[in-house]
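First comes the structure, then the notes that go with it.
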Amino acid sequence: MIADKLYQVHARIAAACRSAARPVESVTLLVVSKTLGADAVRAAVAAGEHRFGENYVQEGVDKIAALADLRSRIEWHLIGPLQSNKTRTVAESFDWVHSVDRLKTAQRLSEQRPAHLPPLQLCLQVNISGEMSKSGLAAAAVVGVAHAVAALPNVRLRGLMAIPEPAADPESQRRPHRALRELFEALNAQGLGLDTLSIGMSADLEAAIAEGATMVRIGSAIFGMRGGAAAPA
Ligand SMILES: *Cc1c(COP(=O)(O)O)cnc(C)c1O
């Protein structure tokens, strides 16, 4: 079941890459396992997946512990909001954080990253649709923060992440993705050497890939809808 859904998602990614004249290897699938049990992650690992995204710090840490036997085969990504009082836990447990939205968070992660682990891989989350309610750095603040984060010792700035406002038609979906890509290109023109554009979810992965996504974060297209009576336990 999970293997079939994963196959379908990989087929969607491959088709989107073909339409965009991009090599299929240029897009990585991040399997979003929030709200799912360790068994679902195990099934996805058995089907060949190695990168998993979690939204909630404690849930993620518990799952990482439950899957300790697979630790060397899994890259764990935090994609949800990160409060200051949780940075130590995250620095000790995760491999990536996509949701850095202030310099202070990156500084704490760098200070708290244990010396025996490789640098924590970071993306800056950008509030690309400019919605008041969503987290993420204002686009105008990104350049300054990016240079400061890139200078920290125990983290490595890899790129940008966004969760655009949902839109139904492809052109409206592409607009915020394009804005994020332009910001990404502007940072690279300043020598930051970023390689990760973390955009695209179940509903808009084609639009994101058309605009240069390198990592798509997919949950419901693999595991079904979350919440409500039909949600997996
Ligand atoms: C849940 C979530 C996703 C996956 O969304 P789907 O629509 O289920 O694919 C991606 N990114 C973030 C930050 C999420 O919280």
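When a ligand or atom number is given, it counts from 1 through the structure's own listing order.
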Considering only heavy atoms of [X], which atoms of ligand 1 have at least one such atom less than 4.0 Å away?
{"X": "Ser220", "value": "6 (P), 7 (O), 8 (O), 9 (O)"}
{"X": "Asn55", "value": "14 (C), 15 (O)"}
{"X": "Ile218", "value": "9 (O)"}
{"X": "Ile163", "value": "13 (C)"}
{"X": "Ser202", "value": "6 (P), 7 (O), 8 (O), 9 (O)"}

Geometric N/O contact Gly219 with ligand 1, under 3.5 angstrom: yes
Candidate pair Ile74 and Val41, rule side chain to side chain contact (heavy atoms under 4.5 Å, CB included), full reasoning: CA-CA 10 Å; Ile74 297 182; Val41 175; 4.1 Å; yes
Options Lys34, Arg217, Met201, ranked by nearest heavy atom to atom 14 (C) of ligand 1, top entry: Lys34
Taking the basic N atoms (NZ, or NE/NH1/NH2) and the acidic carboxylate oxygens, is any pair closer than 4.0 Å for [X] and [Y]?
{"X": "Arg71", "Y": "Asp95", "result": "yes"}
{"X": "Glu182", "Y": "Arg178", "result": "no"}
{"X": "Lys34", "Y": "Glu54", "result": "no"}

Under 4.5 Å side-chain linkage, directly or through intermediates, the cluster mates of Ile163: Met161, Met201
Shared-cluster residues of Tyr56, by chain and number - hydrophobic side chains joined below 4.5 Å: none
